[in-house]
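First comes the structure, then the notes that go with it.
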There are 2 protein chains.
Amino acid sequence: MPEDYKCRNTLVDSLLTDLYQITMAYAYWKNGCAHKHSVFEAFFRKNPFKGEFTIFAGLDEVMRFISDFKFTKEQLDFLKTLLPHAEDEFFEYLSTVSGKDLSIYAIDEGTIVFPRLPLIRVEGPLAVAQLVETTILNLINFPSLITTNAARLRLAAGADKTLLEFGLRRAQGPDGACSASKYSYLGGFDATSNVQVAKLDGIKCSGTHAHSFILAYSCVDELKTRKMKPKVKLSEEKLPSPSSSLGSPCKEDEVDFVDLVFSMREKLGFEHTNTSELVAFIAYAQAFPDGFLALVDTYNTLTSGVPNYLCVACALSFLGYQPIGVRLDSGDLAYLSKASRALIDNIADKFDFPKLRLSKIVASNDISEEVLHSLNGQGHAIDVFGIGTKLVTCSGQPALGCVYKLVEIEGKPRIKLSQVRSKMTLPCSKQVYRLCGKKGTAVLDLMGVEDKEFPKVGGQTLCIHPTDETRRVYVCPTEIVKLVSPYWIKGEFVKKMPTLAELKSYVASNIKLIREDHKRPLNPTPYKVSVSVELHGIIRDLWIQESPVSTLE
Amino acid sequence: MPEDYKCRNTLVDSLLTDLYQITMAYAYWKNGCAHKHSVFEAFFRKNPFKGEFTIFAGLDEVMRFISDFKFTKEQLDFLKTLLPHAEDEFFEYLSTVSGKDLSIYAIDEGTIVFPRLPLIRVEGPLAVAQLVETTILNLINFPSLITTNAARLRLAAGADKTLLEFGLRRAQGPDGACSASKYSYLGGFDATSNVQVAKLDGIKCSGTHAHSFILAYSCVDELKTRKMKPKVKLSEEKLPSPSSSLGSPCKEDEVDFVDLVFSMREKLGFEHTNTSELVAFIAYAQAFPDGFLALVDTYNTLTSGVPNYLCVACALSFLGYQPIGVRLDSGDLAYLSKASRALIDNIADKFDFPKLRLSKIVASNDISEEVLHSLNGQGHAIDVFGIGTKLVTCSGQPALGCVYKLVEIEGKPRIKLSQVRSKMTLPCSKQVYRLCGKKGTAVLDLMGVEDKEFPKVGGQTLCIHPTDETRRVYVCPTEIVKLVSPYWIKGEFVKKMPTLAELKSYVASNIKLIREDHKRPLNPTPYKVSVSVELHGIIRDLWIQESPVSTLE
């Protein structure tokens, strides 16, 4: 790994943790348990957004953290102030621990995952494996949540739509925003408005102008120049009537673009639009003649914004430029998109600007998964969705509840009981076998004790529900994928970390492995996650052993 | 300001922005409008969490950003790749702009604020004031939201409870977490579990142990030492029977603490508790004899956890240490807290450990504002609340919708209309006068044109609703507070930035200025925000001037 394979955010270091990790480490050290070989697993109990799948993300960040994990003298000095009565030898001990004490096994980033699967397994001395808990959870919870949210929005919008992430201003802080941009892209978005992330992660960047741009203009005299250079040689007879002379070529191959637009306005019959809006559109087109996308809802979308777009777009088309389209940022998007599309197509046909029909309609007002489904139901003419707040804050469910639990210590399996049986943890270092049926579709994920058993292709495998042993199923897989693999063994990377582009294409293909009914928005079918016969036996024995027996008095 | 008065997060610089700010800046520059003197204001339209107040926060971060705002050569080189057709002179222009071109006026951080109030006013050249929009919004939206959330939780819990922030693992990324810790403290929390923020911001840090600590122990042989040094001189006759010899002093003033706890267990009649849990409690107490707080729900709160706590707590009390208490992390918190309290008090009285009654009950399972109100309704015995996910992600409303709008250009007021009248923006550089009635209670916030008018104490002031002129009220204030003040004038700080501790105490006092009915959880009364007669006139004139007139055909 390169030297600079470190967390981007300088807040991420060994102190980005809960104090109780430090106090527990001290207690372990004090009782002589700090060195005990232990195994922890990170998993979640419930898919987000009322769905039945999750995309696992954040592993690259975790590996950056683990491979750089240590305590500096300055950090230890601070910790001493928090634990003033702790023995000095403890801090000497902490100064010797590092990520090299640990081994990390994980499911590949970008894999579609389900409740209870061990996403990350950490093996090593009890105190060290404990110390990394909080940071690992912080680094996977939000990335997995946002990637899943983006993937769901992609499914809702359809493969043929363009999805843009616009959430920087409303995200939960600067790197809430930057994580959102990066992991939205991973989950299926095409571009972001966030320039910082475009630079850091090489993601396509997108954006045009805001309402304030429209408000900044009031009359045509404010424009420094009236000119624009045609992209193609102009044919005299196509000059717009009635005032064709105004738009005609002037010195140095330039035309008076302002006159051209105003004569287009007359020709198209849009004299009653808001003039200051039209001036703003002209100003933007002069700066970006090949990138003209107009925000059309500042005054009135259908009586001012779209007509003004058409005046400028026709003038640009006339000069050989291809206008991009319009952006709707308020109102009834289903109706306005269809009405805008009709108006654009009508003008394109009536005044013979065929390429104007290629104008895109961008919509960007508080779009959510529900809004996308509703728009699909009503019918709409939107080509591009700009999605902000509800994507980046995951307003449908703003946190994924990943937890990190001890599953084995000194080779002995451990279980955490709960009065709610479904909240019981599953003991042992676990491997996950994804059992696939016909056409490679994943039908069930089977958790077994690592290195102990291996279901066979074609063989009958008994799969038992993790907490309800009466629910059992035989599976006869045609293909088996082992999901958990080693990434880092005591200081050495044993697997290459993929690039963001590789991860993005992996997400897109992996999500296709499960049936559509697991992915549908309303009442999706839960995907089956089971335990092997051997693991089930261990769970049952521990359950009986650890359950308290009450005394009837 | 000190040299290092910069944003803590290195992602915050001039590129942490939406691309459209750059494209707009280019268009302004290209049309010769970049230099135009303009005024932008940041405000929100709706209070979060179905409430009627908001605490404004994030100004310090904004000032760090503005005072350091500039484009480096590396940043400009990247921007060129995004705008390949832009003229080189534009990037030369960008290399000359900085935060020194701007002046910043703001409402003080920590002030209780309401919809439409100008939180921050930015004055300066159009292009530069536009370029800082996204970053400013990002830096105030989440801090204001989380501070408000914390303040609401403090109101719900009551002034006598201790509130701990526990959300690091579930927050939206590393600095989502760190912002949450900092601004929860600002809003009224007492401490955080986040070590990083404790270090950076000097906030009190809190934490003990997790379920994994309990699971890490199984039998008493695992303890390296059985001993503990008494804090006080022991009186022989108070040694626990029936096995008083086990707990008696041994060499070097130490007692066999394990035996002491087990004999307490026998004495108290708790032989059927989970022994591995008891061993874990012993291990923790040995490390923190003066900080013993036990997580009691791993097996069964009332039949194992609390009894085991009592065995260890009585042993500690016997040795002169003061145990801290128990933490409940699952189940019915109202019932379990009362039952735990009864059990603890019963043992304290029955076995004469009066200080055991000081044991605190900490609760920490998915606490939200609604849960606090519900617990208050049912009655509970909780002293300390540890609040995580629902605090730090603001799950009730995960984004505050602050916006940044152009209100004036070259001295001329600007308005943005909307088909929804309440979404209209208010023109002009504005001042806010907080009009107070008897006993200093704030009764109404009046927005007027800056430097134009000043309501007088004792005088009758006509206040008009911002978007419904039929709603008017006369106020006769006994005190007037001017809320907007200059912070930064073209490169110079003109106001001192307060410390976090100063801000925290300001929040606590400021929130008391408004009536209780504005703060109640259910159907609170909206606080009145109005415009002055003069500002109302400007709004009305602009509204008529800018509204499109449709043609009936």
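In what follows, chains carry the letters A, B, and so on, assigned in the order in which the sequence lines appear, proteins first and then strands, with residues in each chain numbered from 1.
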Residue [X] versus chain B: region with a heavy atom under 4.5 Å:
| X | result |
| --- | --- |
| A:Tyr217 | both |
| A:Ile282 | neither |
| A:Arg414 | side chain |
| A:Ser276 | side chain |
| A:Leu139 | side chain |
| A:Lys204 | neither |
| A:Val197 | neither |
| A:Ala198 | both |
| A:Glu410 | neither |

Query raised in the report: Quick one: which of A:Leu79, A:Leu16, A:Asp18 gives a side-chain contact (heavy atoms from CB on, under 4.5 Å) with B:Val195?
Result: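 Answer to the side-chain contact (heavy atoms from CB on, under 4.5 Å) test with B:Val195 among A:Leu79, A:Leu16, A:Asp18: A:Leu79.
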
Query raised in the report: Who wins among A:Ala285, A:Ser218, A:Ala86, A:Cys394 for the most heavy-atom pairs under 4.5 Å with chain B?
Result: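 Ranked by heavy-atom pairs under 4.5 Å with chain B, first place is A:Ser218.
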
Report task. May I ask you to name which of A:Asn141, A:Leu406, A:Thr208 has the most heavy-atom pairs under 4.5 Å with chain B? Result ->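 It is A:Thr208.
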
Query raised in the report: How long is the gap from OG1 on B:Thr425 to CG on A:Leu215, to the nearest 0.5 Å?
Result: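 Going from the OG1 atom of B:Thr425 to the CG atom of A:Leu215 covers 6.5 Å.
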
Report task. Rounded to the nearest 0.5 Å, what's the gap from NZ on A:Lys199 to CG on B:Leu82? Could you check? Result ->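 That separation rounds to 10.5 Å.
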
